[in-house]
Amino acid sequence: MTIPFLIIAFVTLVPAAVAMALRNLIHSSLLLIASWAGIAAFYFWAGAEFVAFAQVLVYVGAVSMIVLFAVLLTRHTRIDAGLAPDSIGRALAGLLAGGAVFGVLLGAVLSTPLRVGAKAAAQVPVKRLGLELMNHHTIALLAIGILLTVSLLGAVVLAATDSKGKGATP
Amino acid sequence: MILTPLHLCLILSSALFCIGLIGALTRSNAILVLLGIELMLNAANINFIAFWRYGPNPEAGTGVLFVVFAIGVAAAEAAVGLALVIAIYRHQRSIRLQDARLLKG
């Protein structure tokens, strides 16, 4: 039970950490795909198959492609956009803040006695999930459909319209 | 002090959250900041699944439903965010966040 979890945690955390530290944007986004796949494996491990499939479809399939396209569309030089290195002070402050948050969270988690339900993993079959979505959460389902439509149309409008031609501020 | 699987899941999700937080705070590349925020969202989803799986009432399936909706909203957010990045790149010829100081087109 624990060994697979540790492998999944390793596969999830190490690519994410390396991706956040790398200079090369394409390597970062490819590593993040591995991290998202690790999260999908975690959902499988926890018994939420439908969420795992949704994660693979949405993150590993779609969001990664959008990110790669954005990276490629915003490169202006052959050599990978050598963004000026961030100042050391900013990196240190960020690390300090993140480490402090992690310390607080770790302390809170470790000092909380959590009672784990003794039951075995309960499966939620996809059929019941669909019935639940259509019965109790119909409004939310419709709302998220409208949200997705509007936001994708907005994304197209934002990315496709030229800024009135020539006079764009440099 | 006994470490239950729920503890392990919570530690995993808080580590992922902090990696995303550090990335969003330290990098000045807009795309990487967005990816850090995506990582933080994923950490929240892991928490939902963990509490659903080890909670007192796993038959209800509410955690699964919430995560499905959260993934949908995160997809919309990623699309709009990256479109904004491309629009900023068009205006400023750079995606450094320090350069993006104008809202005016």
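Per chain, numbering begins at 1; letters A, B, ... match sequence-line order.
Within the 4.5 angstrom heavy-atom criterion, atoms from both the backbone and the side chain of A:L95 approach chain B. Looking at A:A62, neither its backbone nor its side chain comes within 4.5 Å of chain B, counting heavy atoms on both sides. Proximity to chain B (any heavy atom under 4.5 Å) is restricted, for A:I39, to the side chain, taken from C-beta onward. Proximity to chain B (any heavy atom under 4.5 Å) is shown, for A:A93, by neither the backbone nor the side chain. Only the side chain of A:L152 has a heavy atom closer than 4.5 Å to any heavy atom of chain B. Residue contact with chain B, scored on non-hydrogen atoms closer than 4.5 Å, involves the backbone and the side chain of A:L73 alike. When heavy atoms are compared at a cutoff of 4.5 Å, A:V67 approaches chain B by way of both its backbone and its side chain. Heavy-atom distances place no part of A:A143 under 4.5 Å from chain B, backbone and side chain included. Residue A:L92: no heavy atom, backbone or side chain, is found under 4.5 Å from chain B.
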Practice prompt. With side-chain contact (heavy atoms from CB on, under 4.5 Å) as the test, would you mind laying out the steps for B:E77 and A:S151 before giving the verdict?
Written response: CA-CA 8 Å; B:E77 175 243 324; A:S151 65; over 6 Å; no
Item to complete: List the steps, then state whether side-chain contact (heavy atoms from CB on, under 4.5 Å) holds for A:S28 with B:L35.
Response: CA-CA 9 Å; A:S28 294; B:L35 289 177; 5.5 Å; no
Item to complete: List the steps, then state whether side-chain contact (heavy atoms from CB on, under 4.5 Å) holds for A:Y43 with B:N45.
Response: CA-CA 10 Å; A:Y43 293 150; B:N45 286 348; 3.1 Å; yes
Practice prompt. Start with the C-alpha gap between B:I86 and A:F69, add the side-chain angles, then the distance that decides, and say whether side-chain contact (heavy atoms from CB on, under 4.5 Å) holds.
Written response: CA-CA 10 Å; B:I86 290 175; A:F69 268 105; over 6 Å; no
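Closest approach of A:M20 and B:R27 over heavy atoms only: O-NH1, 2.7 Å. Here the shortest heavy-atom pairing between B:L25 and A:A97 reads CD1-CB, 4.0 Å. Across every non-hydrogen atom of B:L82 and A:A70, the tightest pair is CD2-CB, 3.7 Å. When all heavy atoms of B:L12 and A:F42 are compared, the pair lying nearest together is CD2-CD1, 4.0 Å. When all heavy atoms of B:G72 and A:L148 are compared, the closest pair comes out as O-CD2, 3.8 Å.
By the 4.5 Å heavy-atom criterion applied to side chains, B:N42 and A:Q55 are counted as neighbours.
Heavy atoms from other residues, nucleotides or ligands lying under 6.0 Å from CD1 of A:I139 number 12 at most.
Atom CG of residue A:L13 and atom SG of residue B:C18 lie 10.5 Å apart, to the nearest 0.5 angstrom.
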